Amino acid sequence: MSLDVRESVQLAPLTTLGVGGPARYFAEVDGEAAVVEAFRFAEARGVPLFVLGGGSNLLIADRGVDALVLRVRVRGIELLRGRGEDGGAGAGDGGEAGRALVRAGAGEAWDDLVARSVVEGWAGVECLSGIPGDVGATPIQNVGAYGQEVAETIVEVRAIDRATGVAAVLSGADCGFGYRDSRFKRAWRGRYVITAVTFALRPGGAATARYPELQRALAAPAGGAAPPLGEVRSAVIALRRGKSMVLDPADENRRSAGSFFMNPTLAPGAAAAVIARIEAAGVLAPGEAIPRYPADGGRVKLSAAWLIERAGFAKGTRHGAAGISTRHTLALVNRGGATAEELLGLARRVRRGVLDRFGVALSAEPDLVGFAPGEIDDLVSGAHL
């Protein structure tokens with residue numbers, strides 16, 4: 001097999017933001033042997049290797065990426081019948097009995113897998129409808145929305161180890177999933193290239209409708225009968241569309257990376273101090289409650305979108321050709337011809353405003369690629385200060 005490598009390929013058209021410079025080298029691969037060949041190519045030329053998925057959670061530097069940018073196009077959705085291996089994070093205490101083990105290639109579009117699952121009656125990912133990007137990116141970010149995360153259903157991840165060129169099968173339990181986090185972002189960062197993900201879904205299972213906003217959209221009371229999977233999928237897509245969080249060529253906010261900031265999670269004491277500071281700031285309407293939710297480890301999750309709005313950043317705020325979405329303050333958008341520097345400038349304005357007003361430092365959610373060391377440290381290390 002011969003790897004087809006091109007030089008100086010523009011990456012902006014391959015991202016949902018439509019921003020960024022070229023890749024020094026670029027290749028697409030549709031099998032594991034080609035992935036190993038790409039490792040050898042990058043090593044021989046002394047350049048890093050960067051895996052590009054669907055380009056939906058990504059901001060690329062204006063200078064581009066001095067690397068081999070690899071687009072993994074491994075396809076296929078397969079129902080693994082009769083397999084009874086012990087599960088990972090999503091397998092539950094009862095193993096795989098009564099579950100549909102579904103393996104999807106890393107290059108499959110995520111929403112195609114969700115749509116197939118809903119049609120087949122496989123419950124477990126219906127609330128993740130309408131999310132752009134590829135299957136291979138979902139374990140890295142522990143993609144989640146409307147009360148579900150992929151951590152609940154991922155049984156195993158198949159990946160090629162860059163050090164050895166050998167395929168490894170990693171259990172969901174070993175992936176270290178957390179809120180928008182996994183070992184792929186930390187201890188395993190740069191080590192593996194994901195080629196397939198196996199999910200344990202529930203044939204004929206009840207839909208998940210525990211997120212308050214989704215419950216309201218479904219008119220489904222907490223503790224009531226679960227609505228059909230298709231109804232949940234339609235409601236989630238409608239909610240996302242109302243926030244310009246689906247890919248729609250006619251939407252003025254279409255060029256975005258989705259949520260640009262993660263919701264901050266704070267230790268109880270820090271959360272109490274922030275809440276007191278918000279109450280003292282005079283930004284609450286009469287009777288208004290501060291949005292807060294329980295998080296892992298007894299921590300408290302606050303709404304980044306709410307904090308941004310209360311810090312004085314309205315929907316539609318502009319910064320050159322970059323702006324805040326007119327529908328959702330958590331999304332930064334390219335209004336046409338925006339640069340990565342303009343988007344980072346707007347992100348810093350927002351982050352500084354929230355920090356100064358409420359003492360919370362927001363962290364960027366998208367991968368920031370091609371930037372020099374130290375250039376983006378302030379955006380990727382959010383904390384309560």
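All values reported here derive from a predicted model rather than from experimental measurement. Below, each value reflects all heavy atoms present in this structure, side chains not excepted, and no hydrogens, waters or symmetry copies.
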| said: Run Arg318 and Glu342 through salt bridge (Lys or Arg N to Asp or Glu O under 4.0 Å) and show every step you take. | reply: CA-CA 10 Å; Arg318 297 189 66 128; Glu342 285 178 313; over 6 Å; no

| request: Check whether any side-chain N or O of Asp248 sits under 3.5 Å from a backbone N or O of Ala250 as a donor-acceptor pair, and report yes or no. | output: yes

| request: Check whether the side chains of Glu126 and Ser117 place a donor and an acceptor atom closer than 3.5 Å, and report yes or no. | output: no

| said: Determine whether a donor-acceptor pair (N or O, by modelled atom type, separation under 3.5 Å) exists between the side chain of Gln215 and the backbone of Ala209. | reply: yes

| Going hydrophobic residue to hydrophobic residue with side-chain gaps under 4.5 angstrom, can you get from Val47 over to Ile160? | yes

| task | For the pair Glu156 (side chain) and Thr198 (backbone), establish whether a donor and an acceptor sit closer than 3.5 Å, ignoring hydrogens and angles. | result | no

| task | Please test Arg351 against Asp378 for salt bridge (Lys or Arg N to Asp or Glu O under 4.0 Å), starting from the C-alpha separation and ending with a verdict. | result | CA-CA 9 Å; Arg351 186 179 187 274; Asp378 59 325; 5.2 Å; no

| Are side-chain heavy atoms of Ile275 and Glu279 found at a separation under 4.5 Å? | yes

| In the single-linkage hydrophobic clustering (I, L, V, M, F, W, Y; side-chain heavy atoms under 4.5 Å), do Leu17 and Leu11 co-cluster? | no

| query | Is there side-chain contact between Leu49 and Val193, with heavy atoms separated by less than 4.5 Å? | reply | yes

| query | Considering all heavy atoms of both residues, which atom of Pro264 and which atom of Leu307 are nearest to each other, and what is their separation? | reply | CG-CD1, 3.9 Å

| message | With no hydrogens and no angle check, just 3.5 Å: does a side-chain donor-acceptor pair link Ser129 and Arg233? | response | yes

| request: Taking Thr16 for its side chain and Ser256 for its backbone only, find out whether a donor-acceptor pair lies under 3.5 Å. | output: yes

| query | Leu170 and Ala159: which non-hydrogen atoms are nearest, and at how many Å? | reply | CD1-CB, 4.5 Å

| Going through the checks in order, is the side chain to side chain contact (heavy atoms under 4.5 Å, CB included) test met by Tyr179 and Met262? | CA-CA 9 Å; Tyr179 170 65; Met262 292 186 284; 4.1 Å; yes

| Can you name the closest pair of heavy atoms from Leu379 and Ala347 and give their distance? | CD2-CB, 4.1 Å

| For Ala104, does its backbone N or O pair with a side-chain atom of Arg75 as donor and acceptor, under 3.5 Å? | no

| field | Path from Val72 to Val169 over hydrophobic side-chain contacts below 4.5 Å | value | no

| query | Counting distance only, does the side-chain N/O of Thr265 pair as donor-acceptor with the main-chain N or O of Ala295 below 3.5 Å? | reply | no

| Heavy-atom side-chain contact between Met245 and Arg327 under 4.5 Å | no

| said: Does any part of the side chain of Trp306, heavy atoms only, come nearer than 4.5 Å to the side chain of Thr329, both counted from C-beta? | reply: no

| query | Judged by modelled atom types alone, do Arg180 and Asn57 share a side-chain donor-acceptor pair under 3.5 Å? | reply | no

| query | Between the side chains of Ser259 and Glu365, is a donor N or O closer than 3.5 angstrom to an acceptor N or O? | reply | no

| Atom of Ala338, atom of Ala321 and distance for their closest heavy-atom approach | CB-O, 3.4 Å

| query | Is it true that Arg348 and Glu341 have a side-chain N and a carboxylate O under 4.0 angstrom from each other? | reply | no

| task | Please round to the nearest 0.5 Å and tell me the distance separating atom CZ of Phe358 and atom CZ of Arg277. | result | 8.5 Å

| field | Main-chain N/O of Asp251 paired with Arg254 side-chain donor or acceptor, under 3.5 Å | value | yes

| message | The test is salt bridge (Lys or Arg N to Asp or Glu O under 4.0 Å); show your working for Arg186 and Asp181 and say whether it passes. | response | CA-CA 8 Å; Arg186 295 179 280 108; Asp181 193 27; 2.8 Å; yes

| Taking side chain as C-beta onward, heavy atoms only, is Glu108 less than 4.5 Å from Asp134? | no

| query | With a 4.5 Å heavy-atom cut-off, do Ile77 and Leu113 have their side chains touching? | reply | yes

| message | Check Asp356 with Arg352, please: is the shortest side-chain N to carboxylate O separation under 4.0 Å? | response | yes

| field | Salt-bridge contact Arg183-Asp174 (side-chain N to carboxylate O under 4.0 Å) | value | no

| said: Could you see if Leu362 belongs to whatever hydrophobic cluster contains Leu343? Use Ile, Leu, Val, Met, Phe, Trp, Tyr and a side-chain cutoff under 4.5 Å. | reply: yes

| request: Can you see which heavy atom on Ala23 is nearest to which on Val69, and at what distance? | output: CB-CG2, 3.5 Å

| Are any of the side-chain heavy atoms of Phe26 and Val5 separated by less than 4.5 Å? | no

| Salt-bridge criterion met for Arg210 and Glu152 (N-O under 4.0 Å) | yes

| request: Kindly compute the distance separating OG (Ser244) from CZ (Arg255), expressed to the nearest 0.5 Å. | output: 12.0 Å

| message | If I take atom CD1 from residue Ile60 and atom CG from residue Leu14, how far apart are they, to the nearest 0.5 angstrom? | response | 7.5 Å

| Rounded to the nearest 0.5 Å, what separation is found between the CZ atom of Arg357 and the CD1 atom of Ile308? | 14.0 Å

| task | Check for a donor-acceptor pair, side chain of Ser234 on one end and backbone N or O of Glu231 on the other, with a separation under 3.5 Å. | result | no

| query | Okay, side chain of Arg63, backbone of Gly370: is any donor-acceptor separation there less than 3.5 Å? | reply | yes

| said: I'd like to know whether CZ of Arg45 has more than 12 heavy-atom contacts from other residues, nucleotides or ligands below 6.0 angstrom. | reply: yes

| message | Between Glu213 (side chain only) and Tyr146 (backbone N and O only), is there a donor and an acceptor less than 3.5 Å apart? | response | no

| Point-to-point distance, once rounded to the nearest 0.5 Å, from OG of Ser56 to CD of Gln141 | 9.0 Å

| remark: Note: Pro139 and Ile194 closest approach over all heavy atoms is CG-CD1, 4.2 Å

| Would Val51 end up clustered with Leu58 when hydrophobic side chains under 4.5 Å apart are linked, directly or stepwise? | no

| said: Applying salt bridge (Lys or Arg N to Asp or Glu O under 4.0 Å) to Arg24 and Asp66, what does each step give before you reach the verdict? | reply: CA-CA 5 Å; Arg24 181 175 177 183; Asp66 187 16; 3.1 Å; yes

| Which word best sums up how the rings of Tyr192 and Phe184 line up, parallel for under 30°, tilted for 30 to 60°, or perpendicular for over 60°? | perpendicular

| What's the spacing between Arg335 CZ and Leu332 CG if we round to 0.5 Å? | 10.0 Å

| With a 4.5 Å limit on heavy-atom distance, are the side chains of Ile324 and Phe260 in contact? | no

| message | One pair to check against side-chain hydrogen bond (donor to acceptor under 3.5 Å, both in side chains): Arg292 and Asn263. What are the steps and the verdict? | response | CA-CA 10 Å; Arg292 70 192 90 169; Asn263 291 321; over 6 Å; no

| task | Apply side chain to side chain contact (heavy atoms under 4.5 Å, CB included) to the pair Ser182 and Trp188, showing each step before the final yes or no. | result | CA-CA 9 Å; Ser182 73; Trp188 294 346; over 6 Å; no

